[in-house]
Amino acid sequence: MRVPRLAVALVVALPLVTATTSAGPAPERMPIALTSVLPAVAEAVPAPGDDFRITSDTTIVGDDDIADQLAAILRPATGFALPISTRPTEDSIRLRREPGHGAEGYRLTVHRDGVELLATERAGLFNGVQTLRQLLPTAIEADSPRRAEWIVPGGTINDRPRYAYRGTMLDLARHFHTPDEIRTHIDRIARFKINHLHLHLSDDQGWRIQIDAWPRLTEVGGAPGTGVGGAGGGFLTKADYRELVRYAADRNVTIIPEIDMPGHVNAAQTAYPELTCDGVAPRPRTDMRVGYSTLCVREEITYRFVEDVIRELAEMTPGPYLHIGGDETFATPHGGYLAFQRRVLPLVEKYGKIPYGWHEIGQSPAATRSVLQFWGRERNHPSVATAVAAGARLIMSPANRTYLDMEYDLLTPGGLDWAGAIEVSTAYGWDPATLLPGIPAASILGVEAPLWSETLRTEDDIEFLAFPRLVAIAEIGWSPRATHDWASFRSRLGAYGPRWVRDGLRFHRSPEIPWS
Ligand code: NGO
């Protein structure tokens, strides 16, 4: 069914209809602009009136699994069959690969006769589908048929990321999150083109990943009661972890495992007292203090332990990075810290991975091929600048901008406050390229928003602290600096709110945002 051009233009120009009639709820007619996408697209050229309408005749054309993903997004709410074919037809949404769009970029062209999504890589098609989803009315998120005008606004989007790495982190050590909860979170972050999920798998309270050579790590460190305050417990088996890696990869998300060392190791030492210098098992700790534990950096057994852990983690991790922590080692002598890194950083490379750590590892001259995760607040970090000058690369996670575990303000529940309160405008109001002086743009791989879990237990807690702030970080990581605009961001975010409502997500209704 074809709708005359003028009629489509009028429909799209109508305000959102919320009234109900005696015939039931009126179809949703949300005027969606090509530029309404989160994170902001690099370039959009609208062609007003040249819109595409998805109907019962529409087909999806493509031979990638992304075509199946698109069909799975569109079928429930439209109620249309949307068959997938490999031959181009009229009235179709075509997904096609061609050179020239980069690792994650895509071009989306919408006109009356169809939609074409072009990308070089699967990741680009995936990203284009996330964009297309947001260009359809909110009702598209429903899981059963809805009456709506399924109109995609006409025009062309050319889009590609500013940074290759847009990440977030879950801390499974302070409170364990189940594989189901992690999968739900992956679904939610991937909508915003977040492409890395860092899992903080060990800390003083608990050890959350199966390591075959050292089974007591999870027997003791993953036991019930190993969460903060004696809550919870649990760990990922290798099978759980591999399944998460696969699930994430389907959604263009790379999992990064972190084992924090040589500090933050109390849980490992309660399981294996031989990892302490005096051989005495420390008591289990579920308080929130940091900086008191350290591996015994002068003992050989420490390096056998570390190598076993790195080898087993590397074996089950297809992604390029392996995170070795390295933060807050106040109990490790400085010389011992450097000696430890001199041995451990090369071990990560021995097992085929890029060493990744909190920015403190930059103090080591062995960190030149590493990625440093900057989590400071101050601009002056000479050891970071020196490491970068020697070749290290940076992920930006300034605590006062990106730490999702900081409270929003004094009134909202949950969260810590040591790096200050972070409302949405604070999370949005910075630029990775100018944050630290003396860092060349090419050394910055991207941004990450860590969500430490001292104060959070449930899925609701995770989503409340992550959303909407994580979307601000996603936009900082994806969108060209030239598109950075708080007024535009807050209005696009406000318009997105109803999708989260429909999804049952308990996000923070920040007073800064004009929620629809
Ligand atoms: C710090 C600390 C973590 C805490 C977190 C809480 C880093 C890298 N080390 O960040 O152990 O959980 O703050 O905000």
Side-chain angles (χ1 to χ4, degrees), residues 167-177 196 198-208 221 226-229 231-232 256-268 285-295 321 323-332 337 341 355-364 367 370-378 381 383-384 387 394-408 412-422 426-427 435-436 447-457 461-462 464-466 469-470 473:
T168 188
M169 186 197 88
L170 288 177
D171 170 6
L172 270 51
R174 272 55 176 272
H175 281 108
F176 183 62
H177 311 307
H196 288 82
H198 165 183
L199 297 177
H200 184 76
L201 293 168
S202 70
D203 215 299
D204 289 317
Q205 297 83 352
W207 186 284
R208 309 294 179 205
T226 50
V228 164
I256 296 161
E258 177 191 347
I259 294 299
D260 204 348
M261 51 198 178
H264 292 269
V265 292
N266 194 70
R285 295 271 299 256
T286 59
D287 58 280
M288 290 169 28
R289 278 199 47 221
V290 295
Y292 57 83
S293 63
T294 179
L295 291 173
Y321 304 111
H323 201 303
I324 53 166
D327 59 320
E328 298 178 318
T329 50
F330 312 132
T332 317
Y337 183 79
Q341 297 299 359
Y356 185 12
W358 300 105
H359 70 248
E360 287 96 321
I361 69 165
Q363 299 165 56
S364 165
S370 303
V371 175
L372 316 184
Q373 183 165 15
F374 176 74
W375 64 283
R377 281 177 289 177
E378 298 79 26
H381 279 265
S383 72
V384 171
L394 275 186
I395 299 294
M396 292 296 192
S397 301
N400 55 342
R401 302 286 187 176
T402 69
Y403 265 36
L404 299 175
D405 57 312
M406 292 303 121
E407 59 190 20
Y408 285 98
T412 49
L416 304 173
D417 61 6
W418 67 263
I422 304 181
T426 305
L435 187 78
L436 294 178
V447 295
E448 181 178 299
L451 178 49
W452 299 95
S453 69
E454 283 95 331
T455 66
L456 41 123
R457 299 184 58 166
D461 297 339
I462 296 176
F464 180 77
L465 286 172
R469 284 183 289 197
L470 182 54
I473 304 304

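The structure presented is a predicted model; accordingly, all values stated were derived computationally and were not measured. Every number for a ligand or one of its atoms is a count from 1 in the order of the listing.
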Open item on the list: Between L435 and F374, is there a side-chain heavy-atom distance shorter than 4.5 Å?
Closed with: yes

Open item on the list: Which residue and atom name correspond to the protein heavy atom nearest atom 9 (N) of ligand 1, and how close is it?
Closed with: D327 OD2, 2.7 Å

TODO: With heavy atoms of M406 as the reference, note each atom of ligand 1 found under 4.0 Å away.
DONE: 14 (O)

- [ ] May I ask you to list the atoms of ligand 1 that are less than 4.0 angstrom from any heavy atom of L416?
- [x] 6 (C), 14 (O)

- [ ] Provide the number and element of each atom of ligand 1 under 4.0 Å from a heavy atom of E454.
- [x] 4 (C), 6 (C), 12 (O)

Open item on the list: I'd like to check T455 versus E407 (side-chain heavy atoms, cut-off strictly below 4.5 Å). Are they in contact?
Closed with: no

Task: Enumerated ligand 1 atoms positioned under 4.0 Å from heavy atoms of W418 - done: 6 (C), 13 (O), 14 (O)

TODO: Looking only at distances, please establish whether an N/O atom of ligand 1 is found under 3.5 Å from an N/O atom of E328.
DONE: yes

- [ ] Identify, by atom number and element, the atoms of ligand 1 in contact range of D405, meaning under 4.0 Å from any of its heavy atoms.
- [x] 6 (C), 14 (O)

Task: Nearest-0.5 Å distance that lies between atom CE in M406 and atom CH2 in W452 - done: 10.0 Å

- [ ] Output the distance between atom CG (L451) and atom NE2 (H177), rounded to the nearest 0.5 Å.
- [x] 6.5 Å

Task: R174, any N or O under 3.5 Å of ligand 1 N or O - done: yes

TODO: Using heavy-atom distances, let me know which of F374, Y403, W358 sits nearest atom 10 (O) of ligand 1.
DONE: Y403

Task: Spacing of I361 atom CD1 and S383 atom OG [to the nearest 0.5 Å] - done: 10.5 Å

Task: Verdict with supporting geometry, I324 and M261, side-chain contact (heavy atoms from CB on, under 4.5 Å) - done: CA-CA 6 Å; I324 53 166; M261 51 198 178; 3.8 Å; yes

